[in-house]
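This report concerns only the one structure given below.
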Amino acid sequence: MQLPFPLAEEPDQATREKGRLLFAGETDFLKGVVAMDGLPPSDRIEVCFAGRSNVGKSSLINALTGRKGLARASNTPGRTQEINFFTAGEEHYLVDLPGYGFANAPIPVVEKWQRLLKRYLSGRQNLRRAFVLVDHRHGVKPVDEEIMSLLDSSAVTFQCVLTKEDKVKAKDRPRILDQVREKLSKHPAAFPELIVTSSEKGDGIETLRSTIATLI
């Protein structure tokens with residue numbers, strides 16, 4: 001019997017080449033948005049990346065694009081409260097959502113960001129998929145489930161991407177994967193496939209590139 005939420009298979013050569021070509025082109029920071037009227041035109045295929053603070057989101061975006069300084073990593077959770085747009089080639093936007101689970105941000109700041117996030121997710125017609133990043137060491141936490149529930153209610157398909165695989169002991173992986181699968185099974189918007197990555201070692205990066213490149 002096939003496991004629910006199996007690990008994504010390695011892309012075939014043609015799909016891998018699509019992913020390589022997409023991210024071999026120019027990838028540039030376009031703008032940071034703090035209000036809906038600042039959003040760029042919805043004229044490209046768009047994917048967004050969500051994850052709690054310190055999950056390794058900036059490192060993953062930098063690994064995807066092959067540009068170390070493109071997305072700025074911060075040691076201060078909740079420091080960046082903008083929705084950051086990047087152009088990838090001629091047809092894609094990569095969208096970096098602020099890290100949720102603000103440890104040090106004031107409550108009014110968090111509430112303002114949450115309102116913006118809800119409006120963005122509900123009103124962006126060209127958004128093809130959200131990638132919800134989960135730290136492989138810890139599995140799905142309650143704060144991750146909050147964003148997953150928001151994506152459910154916004155009818156936005158999301159795919160779980162596990163980060164920092166290189167920091168997980170082999171004996172712990174099956175237990176953590178079981179926990180992730182059990183949590184995802186409760187969310188109707190969850191795409192039924194997991195991508196496991198390590199930004200440091202490059203594991204899963206080609207698979208994620210190929211997934212993005214084949215979204216229509």
Side-chain angles (χ1 to χ4, degrees), residues 2-8 46-61 71 74 76-84 94-124 127-165 167-168 172-199 204 207-208 211-212 215:
Q2 188 179 32
L3 283 170
F5 298 95
L7 301 184
E46 191 163 300
V47 298
C48 68
F49 298 87
R52 64 183 182 82
S53 300
N54 293 339
V55 75
K57 182 157 51 67
S58 296
S59 298
L60 183 70
I61 292 172
S74 170
T76 305
R79 182 178 177 183
T80 303
Q81 283 115 31
E82 296 179 339
I83 297 178
N84 290 312
L94 309 179
V95 184
D96 182 10
L97 301 178
Y100 51 81
F102 297 118
N104 300 316
I107 290 175
V109 171
V110 177
E111 290 177 343
K112 180 181 177 183
W113 173 78
Q114 288 175 335
R115 287 194 298 272
L116 175 61
L117 177 61
K118 288 176 182 177
R119 292 182 65 194
Y120 164 73
L121 292 173
S122 299
R124 199 68 175 163
L127 179 61
R128 293 293 182 270
R129 187 169 300 175
F131 293 97
V132 176
L133 277 53
V134 170
D135 191 322
H136 200 331
R137 297 171 297 178
H138 308 304
V140 175
K141 291 194 167 188
V143 71
D144 298 312
E145 291 198 88
E146 288 178 18
I147 194 74
M148 291 174 184
S149 294
L150 177 57
L151 289 160
D152 289 337
S153 63
S154 302
V156 174
T157 300
F158 71 87
Q159 186 163 5
C160 180
V161 176
L162 294 165
T163 63
K164 306 185 182 183
E165 179 198 26
K167 302 185 186 304
V168 182
D172 294 330
R173 287 174 187 167
R175 171 182 57 81
I176 297 168
L177 286 173
D178 284 346
Q179 187 262 5
V180 171
R181 287 171 171 135
E182 189 272 329
K183 295 294 186 183
L184 288 175
S185 67
K186 301 173 183 177
H187 294 280
F191 186 80
E193 192 173 76
L194 301 174
I195 300 178
V196 178
T197 65
S198 164
S199 299
T207 301
L208 184 51
T211 299
I212 294 169
L215 290 173

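Small disclaimer: the values here were computed from a predicted structure and weren't measured.
- Taking CG of Asp96 as the reference point, atom OG of Ser58 lies at 5.5 Å (rounded to 0.5 Å).
- Applying the 6.0 Å contact sphere to NZ of Lys118 captures no more than 12 heavy atoms from other residues, nucleotides or ligands.
- Of the charged side-chain nitrogens involved, at least one lies within less than 4.0 Å of a carboxylate oxygen, so that Asp172 and Arg175 count as a salt-bridged pair.
- Separation of atoms CG (Leu60) and CG (Leu133) is listed at 5.0 Å; rounding is to 0.5 Å.
- Just one residue in the list Thr211, Val132, Thr157 forms a side-chain contact (heavy atoms from CB on, under 4.5 Å) with Phe191, and that residue is Thr157.
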Exercise for review: Starting from the C-alpha separation in whole Å, work towards a yes-or-no answer on side-chain contact (heavy atoms from CB on, under 4.5 Å) for Arg181 and Leu184.
Suggested key: CA-CA 5 Å; Arg181 287 171 171 135; Leu184 288 175; 5.7 Å; no
Exercise for review: Tell me, with the steps shown, if Val156 and Arg124 meet side-chain contact (heavy atoms from CB on, under 4.5 Å).
Suggested key: CA-CA 10 Å; Val156 174; Arg124 199 68 175 163; over 6 Å; no
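- Atom CG in Leu151 sits 12.5 Å away from atom CD in Glu145 (nearest 0.5 Å).
- Going from atom CG of Leu121 over to atom CD1 of Ile83 covers 7.5 Å, rounded to the nearest 0.5 Å.
- Side-chain contact between Val134 and Met148 is present, with at least one heavy-atom pair separated by less than 4.5 Å.
- Put simply, the side chain of Thr197 gets close to the backbone of Leu162: a donor and an acceptor are under 3.5 Å apart.
- Thr163 places a side-chain N or O within donor-acceptor distance of the main-chain N or O of Val55, the cut-off being under 3.5 Å.
- Rounding to the nearest 0.5 Å places SG of Cys160 at 9.5 Å from CG of Leu177.
- Between Glu165 and Val168 the shortest side-chain heavy-atom distance does not fall below 4.5 Å.
- In terms of modelled atom types and a separation under 3.5 Å, the side chain of Arg129 and the main chain of Gln159 share no donor-acceptor contact.
- Side-chain atoms of Arg137 and Ile176, non-hydrogen and from C-beta on, never get closer than 4.5 Å to each other.
- Counting non-hydrogen atoms of other residues, nucleotides and ligands closer than 6.0 Å to CZ of Arg173 gives a total above 12.
- Judged by distance alone, the side chain of Lys167 and the main-chain N or O of Asp135 form no donor-acceptor pair under 3.5 Å.
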Point to revise | Worked verdict on Val180 versus Phe5 for side-chain contact (heavy atoms from CB on, under 4.5 Å) | key: CA-CA 9 Å; Val180 171; Phe5 298 95; over 6 Å; no
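- A perpendicular orientation is assigned to the rings of His187 and Phe158, their planes being inclined by more than 60° (bins at 30° and 60°).
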